[in-house]
Amino acid sequence: MLWVKSFHIVFVASWFAGLFYLPRIFVNLAMVPPGSDAERQRLLLMARKLMRFTTLLAVPAVALGLWLWAGYGIGWGAGNGWMHAKLLIVVLILGYHHACGRMLRKFERGENRRNHVWYRWFNEAPVLMLVVVVVLVVVKPF
C-alpha cells in the first residue's frame, strides 16, 4: 500500500504543477497584442503540450487514488467524512482540468473574451483546492 500511496502523491503533485502553470500561459495568451501571431502560436503550442502532459499525469493520479480508496479501503467506515469531502474536491479539480481544456480550445479558435486579470484569479483555484485536500487528508477533521 505504501508504494501505491507514494506514487499517488507523486502523480498528484505533478498533475498540480501542470494545473498551476497552464492558466499562467492563459494569462500570457490574453496579453498577446493583436498581430503578434508568432508569440500567440508559441504560447498555444506550449499550452497544448502542457495540457496533454497534465492529462497524462491526471490519469494515474486518479487511478491510484481509486486503488487506495476501493482496493485498500482507505476512507471507508464510520468517522471518514473527510474522504467524502476529499472526493468532492477531486471532482471539482477534474472539472477545473476540463475547464482548462475548453479554455485552450477557445484560445485556439480565437474566441477568448476574458482578460489577463480574470485568468490570474482563475489560476488561484487549484491552490485553494490543493490546500483543502491536504488538510482533509492530514488532519481528517471529520
Side-chain angles (χ1 to χ4, degrees), residues 1-76 79-142:
M1 176 184 69
L2 293 178
W3 284 100
V4 176
K5 191 182 290 188
S6 297
F7 282 107
H8 174 63
I9 292 167
V10 167
F11 280 106
V12 167
S14 302
W15 177 25
F16 268 87
L19 291 179
F20 292 156
Y21 190 59
L22 187 59
R24 293 300 306 164
I25 296 174
F26 294 164
V27 168
N28 292 319
L29 274 164
M31 293 174 63
V32 171
S36 298
D37 292 333
E39 180 182 4
R40 183 177 180 280
Q41 289 306 316
R42 184 180 73 252
L43 288 168
L44 283 172
L45 178 64
M46 290 171 59
R48 277 191 294 270
K49 287 183 176 189
L50 183 58
M51 185 67 191
R52 188 177 315 120
F53 187 62
T54 302
T55 301
L56 289 173
L57 293 166
V59 171
V62 171
L64 290 167
L66 288 172
W67 187 357
L68 289 167
W69 179 61
Y72 289 106
I74 292 178
W76 288 88
N80 287 300
W82 63 271
M83 180 57 86
H84 298 286
K86 179 193 172 193
L87 292 173
L88 173 65
I89 302 299
V90 169
V91 169
L92 293 175
I93 295 164
L94 288 166
Y96 183 89
H97 184 118
H98 177 73
C100 285
R102 293 189 64 186
M103 289 174 195
L104 175 56
R105 287 188 293 280
K106 282 187 176 185
F107 273 113
E108 290 174 326
R109 293 188 308 258
E111 297 173 358
N112 174 57
R113 300 293 176 247
R114 295 185 171 118
N115 66 20
H116 68 96
V117 175
W118 189 92
Y119 288 105
R120 289 177 198 276
W121 283 104
F122 179 75
N123 191 40
E124 301 305 320
V127 175
L128 298 174
M129 290 186 283
L130 181 61
V131 167
V132 172
V133 166
V134 169
V135 168
L136 287 170
V137 170
V138 173
V139 178
K140 294 177 178 57
F142 46 88

Trace of the ring pair (Phe, Tyr, Trp, His ring centres under 6.0 Å) decision for Phe26 with Phe107: CA-CA 8 Å; Phe26 294 164; Phe107 273 113; 5.4 Å; yes
Side chain to side chain contact (heavy atoms under 4.5 Å, CB included) assessment of Val132 paired with Leu136: CA-CA 6 Å; Val132 172; Leu136 287 170; 3.8 Å; yes
Stepwise side chain to side chain contact (heavy atoms under 4.5 Å, CB included) check, Thr54 with Leu22: CA-CA 9 Å; Thr54 302; Leu22 187 59; 5.7 Å; no
Worked verdict on Val131 versus Leu128 for side chain to side chain contact (heavy atoms under 4.5 Å, CB included): CA-CA 5 Å; Val131 167; Leu128 298 174; 5.7 Å; no
Worked verdict on Met103 versus Tyr119 for side chain to side chain contact (heavy atoms under 4.5 Å, CB included): CA-CA 10 Å; Met103 289 174 195; Tyr119 288 105; 3.7 Å; yes
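In this structure, CE on Met51 lies 10.5 Å from CG on Leu56, to the nearest 0.5 angstrom. To the nearest 0.5 Å, the span separating CG on Leu92 from CG on Leu87 amounts to 11.0 Å. Here the CG atom belonging to Leu29 is positioned 4.5 Å from the CG atom belonging to Leu43, to the nearest 0.5 angstrom. The line from NZ of Lys86 to CD1 of Ile74 is 8.0 Å long, rounded to the nearest 0.5 Å. Separation of atoms CG (Leu64) and OG (Ser6) is listed at 10.5 Å; rounding is to 0.5 Å. Taken from CG in Leu50 to OH in Tyr21, the straight-line distance is 8.0 Å, to the nearest 0.5 Å.
Lys106 NZ: 12 or fewer foreign heavy atoms inside a 6.0 Å radius. For CZ of Phe20, the number of neighbouring non-hydrogen atoms (other residues, nucleotides, ligands) closer than 6.0 Å is greater than 12.
Considering only heavy atoms from C-beta on, Val27 stays 4.5 Å or farther from Asn123 through its side chain. Considering only heavy atoms from C-beta on, Val139 stays 4.5 Å or farther from Trp82 through its side chain. Arg24 places a side-chain heavy atom less than 4.5 Å from the side chain of Arg120. For the pair Ile93 and Val133, the minimum side-chain heavy-atom distance is below 4.5 Å. With a 4.5 Å cut-off on side-chain heavy atoms, Ile25 and Leu104 do not count as touching. Considering only heavy atoms from C-beta on, Ile9 stays 4.5 Å or farther from Val12 through its side chain.
Residues His97 and Thr55 have side chains that bring a donor and an acceptor to within less than 3.5 angstrom of each other. For the residue pair Arg102/His98, the side-chain donor-acceptor check at 3.5 Å is not satisfied.
Between Phe122 and Ala99, the shortest heavy-atom contact is CZ-CB, 4.5 Å. When every heavy atom of Pro23 is checked against every heavy atom of Cys100, the shortest pair comes out as CG-SG, 4.4 Å.
The closest donor-acceptor contact from the side chain of Tyr96 to the backbone of Met129 lies at 3.5 Å or more, if one exists at all. Counting only distance, with no hydrogens or angles, the side chain of Asn80 and the backbone of Met83 share no donor-acceptor pair below 3.5 Å. Remark: side-chain polar atoms of Trp67 are not paired, donor with acceptor, to backbone N or O of Tyr72 under 3.5 angstrom.
Applying the side chain to side chain donor-acceptor pair (under 3.5 Å) criterion to His8, with sequence neighbours excluded, gives no partner residue. Every residue meeting the salt bridge (Lys or Arg N to Asp or Glu O under 4.0 Å) condition with Arg109, not counting sequence neighbours, appears here in chain and number order: Glu111.
Checked against the 6.0 Å centroid threshold, Trp15 and Phe11 do not count as a close aromatic pair.
The side chain to side chain donor-acceptor pair (under 3.5 Å) analysis of residues 35-53, with sequence neighbours excluded, yields the pairs Arg48-Glu108.
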